[in-house]
Amino acid sequence: MDNRVVNKKKKPPRDWGAMFLWIVGGFIYLFLTLPILVIILSAFSPNPYPEFPPTSFSLTWFNEVFTSSEWLEALWTSILLVIIVTPITLILGTTAAYAIARLDFPGKQALQALMMSPLMIPHVVLGIALLYQATSMGWIGTINGLVIAHLVIAFPYVIRTVSVSVSNLDPALEAASMNLGAGPVRTFFKVTVPLIKPGIMAGAVFAAVTSFGEISISAFVSSPNWVTVPVRIFNYVDQTFDPAINAVSVIFILLSVGAMIIIERTIGLTKVF
């Protein structure tokens with residue numbers, strides 16, 4: 001018998017199923033990223049209308065955005081809302097999630113469902129309800145109505161993410177801390193908070209992103225003096241459509257990528273999402 005035939009290694013069979021999944025996955029990712037690529041390249045078009053691919057590259061529309069008082073005011077309103085809404089929702093959401101996870105009281109499930117209800121109620125309905133409420137309280141035309149509206153829609157995300165971290169936290173660690181002499185408050189800030197930090201960070205990210213991109217409710221409670229960037233974009237597209245919209249979208253993309261890089265460098269994306 002020829003030893004070359006015996007020692008000849010058989011080629012492993014091709015996994016056609018895996019190849020098919022890779023091909024399908026590649027087309028899906030291409031389908032998802034292609035619109036973003038079109039937006040980014042169209043933002044550098046020098047013409048007064050979006051074109052892809054652009055005939056030449058220009059920063060005209062970025063200059064238009066950063067020199068327009070309307071865009072800058074809308075951007076400042078959105079940033080101010082994020083600065084106000086994010087810490088408030090973190091404080092309220094973290095304490096509420098911890099109380100729901102650790103305490104037993106009548107109506108606990110009903111209260112939890114009520115806190116999560118903004119995720120299930122259509123935002124148009126919430127917008128109308130908050131419009132009536134803001135009108136009755138005299139908050140129409142002020143930032144107070146926008147803050148309350150964004151708190152309502154961002155609060156459930158913090159509740160959800162922090163609740164997951166608290167449910168994975170072993171109560172024995174807190175008990176050990178208190179047995180060693182630390183009080184409940186010190187145990188919460190020195191033991192509990194560091195251990196549920198990924199959930200808190202995830203809640204902060206979701207609250208900030210939800211507040212910054214909210215349009216359905218903001219359209220009802222905003223005013224000419226307080227207009228967010230999404231509402232400004234919606235009104236702008238209704239009147240005209242030039243690459244300034246694409247330039248604003250590129251700024252949004254850069255902010256999102258920057259936030260992802262910061263999270264990855266600090267605690268890691270796998271611990272947040």
Side-chain angles (χ1 to χ4, degrees), residues 78-131 133-134 143-175 184-185 187-218 220-221 228 230 256 259-260 262-263 266-273:
S78 295
I79 294 175
L80 181 62
L81 284 171
V82 171
I83 294 174
I84 296 174
V85 169
T86 302
I88 295 177
T89 51
L90 281 181
I91 295 172
L92 297 178
T94 300
T95 54
Y98 185 79
I100 291 175
R102 289 290 186 261
L103 302 178
D104 290 324
F105 53 88
K108 174 180 177 179
Q109 298 298 328
L111 179 60
Q112 186 175 8
L114 178 63
M115 292 180 179
M116 301 299 295
S117 61
L119 296 179
M120 298 174 285
I121 300 176
H123 283 189
V124 174
V125 177
L126 285 176
I128 296 174
L130 290 170
L131 173 62
Q133 184 67 25
I143 196 173
N144 296 336
L146 282 170
V147 170
I148 296 299
H150 286 214
L151 285 174
V152 169
I153 60 173
F155 183 72
Y157 292 100
V158 179
I159 286 282
R160 183 60 180 168
T161 55
V162 177
S163 295
V164 173
S165 294
V166 174
S167 63
N168 295 328
L169 176 63
D170 189 357
L173 298 175
E174 298 170 310
V185 176
T187 297
F188 180 77
F189 286 103
K190 295 294 185 179
V191 177
T192 305
V193 171
L195 292 175
I196 64 174
K197 183 180 178 180
I200 296 176
M201 292 296 297
V205 172
F206 281 117
V209 171
T210 301
S211 175
F212 200 79
E214 167 57 35
I215 182 174
S216 301
I217 297 178
S218 300
F220 284 95
V221 297
T228 62
S256 300
M260 291 294 181
I262 293 174
I263 295 173
T266 53
I267 62 175
L269 288 175
T270 57
K271 294 182 179 181
V272 176
F273 299 102

Asker: Starting at CZ of Phe155, measure out to CE of Met116 and round the result to the nearest 0.5 Å.
Answerer: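 It comes to 9.5 Å.
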Asker: Kindly determine whether Leu81 and Ile143 satisfy side chain to side chain contact (heavy atoms under 4.5 Å, CB included), including the steps that lead there.
Answerer: CA-CA 8 Å; Leu81 284 171; Ile143 196 173; 4.1 Å; yes
Asker: Does the Thr86 side chain pair with the main chain of Ile83, one donor and one acceptor, at a distance under 3.5 Å?
Answerer: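 The answer is no, because no donor-acceptor pair under 3.5 Å joins these two groups.
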Asker: Between Thr94 and Ile91, is there a donor-acceptor pair closer than 3.5 Å when you use the side chain of the first and the backbone of the second?
Answerer: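 It does not hold such a pair.
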Asker: Of the non-hydrogen atoms in Ser216 and His123, which two are nearest, and what is the gap between them?
Answerer: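 Looking at all heavy atoms of both residues, the closest pair is CB-CB, 3.6 Å.
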Asker: Measuring from atom OG of Ser167 to atom CZ of Arg102, what distance do you get when rounded to the nearest 0.5 angstrom?
Answerer: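 So the OG of Ser167 and the CZ of Arg102 are separated by 8.5 Å.
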Asker: State, with a plain yes or no, whether a side-chain heavy atom of Glu214 is found less than 4.5 Å away from one of Thr228.
Answerer: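 Result no, sub-4.5 Å side-chain heavy-atom pair not found.
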Asker: CD1/Ile84 to CG/Asn144 distance, rounded to the nearest 0.5 angstrom?
Answerer: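 Atom-to-atom, Ile84:CD1 and Asn144:CG are 8.5 Å apart.
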Asker: Which heavy atom in Thr192 sits nearest to a heavy atom in Tyr98, and how many Å separate them?
Answerer: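 Here Thr192 and Tyr98 meet closest at CG2-CE1, 3.6 Å.
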Asker: Which is it for Phe220 and Val124 under the side chain to side chain contact (heavy atoms under 4.5 Å, CB included) test, yes or no, and what are the steps along the way?
Answerer: CA-CA 9 Å; Phe220 284 95; Val124 174; 4.1 Å; yes
Asker: Measure the CD-CG distance between Gln133 and Leu126 for me, rounded to the nearest 0.5 Å.
Answerer: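 Going from CD on Gln133 over to CG on Leu126, the span is 12.5 Å.
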Asker: List the atom of Pro230, the atom of Ser78, and the distance in Å for their closest heavy-atom pair.
Answerer: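 Looking at all heavy atoms of both residues, the closest pair is CD-OG, 4.1 Å.
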Asker: CD1 of Ile100 to CG of Leu111: how many Å apart, nearest 0.5 Å?
Answerer: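 Reported to 0.5 Å precision, the distance equals 5.0 Å.
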Asker: For a quick test of reading the model, state the closest non-hydrogen atom pair linking Met115 to Pro118 and the distance between them.
Answerer: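 Closest pair (atom of Met115, atom of Pro118, distance): O-CD, 3.4 Å.
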Asker: Under 3.5 Å, side chain of Thr161 to main-chain N/O of Val158, donor-acceptor pair present?
Answerer: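 Yes; at least one donor-acceptor contact below 3.5 Å.
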Asker: Under the side chain to side chain contact (heavy atoms under 4.5 Å, CB included) criterion, do Val193 and Phe188 qualify, and how do the steps go?
Answerer: CA-CA 6 Å; Val193 171; Phe188 180 77; 3.7 Å; yes
Asker: Under the 3.5 angstrom rule, does the side chain of Ser211 hit a backbone N or O of Ala208 as a donor-acceptor pair?
Answerer: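 Not at all, since once roles are kept as given, no pair shorter than 3.5 Å links the two residues.
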Asker: Taking side chain as C-beta onward, heavy atoms only, is Val221 less than 4.5 Å from His150?
Answerer: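 When only atoms from C-beta onward are counted, His150 and Val221 do not touch, as no gap falls below 4.5 Å.
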Asker: If you measure from CG on Asn168 to CG on Leu195, what distance do you get to the nearest 0.5 Å?
Answerer: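 Between atom CG of Asn168 and atom CG of Leu195 there are 11.0 Å.
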Asker: For residues Ala207 and Thr89, report the shortest heavy-atom separation together with the two atoms involved.
Answerer: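 Nearest heavy atoms, Ala207 then Thr89: CB-OG1, 3.6 Å.
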Asker: Provide the closest heavy-atom pair for Ile159 versus Ala96 in the form atom of the first, atom of the second, distance.
Answerer: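 Result for this residue pair: CD1-CB, 3.5 Å.
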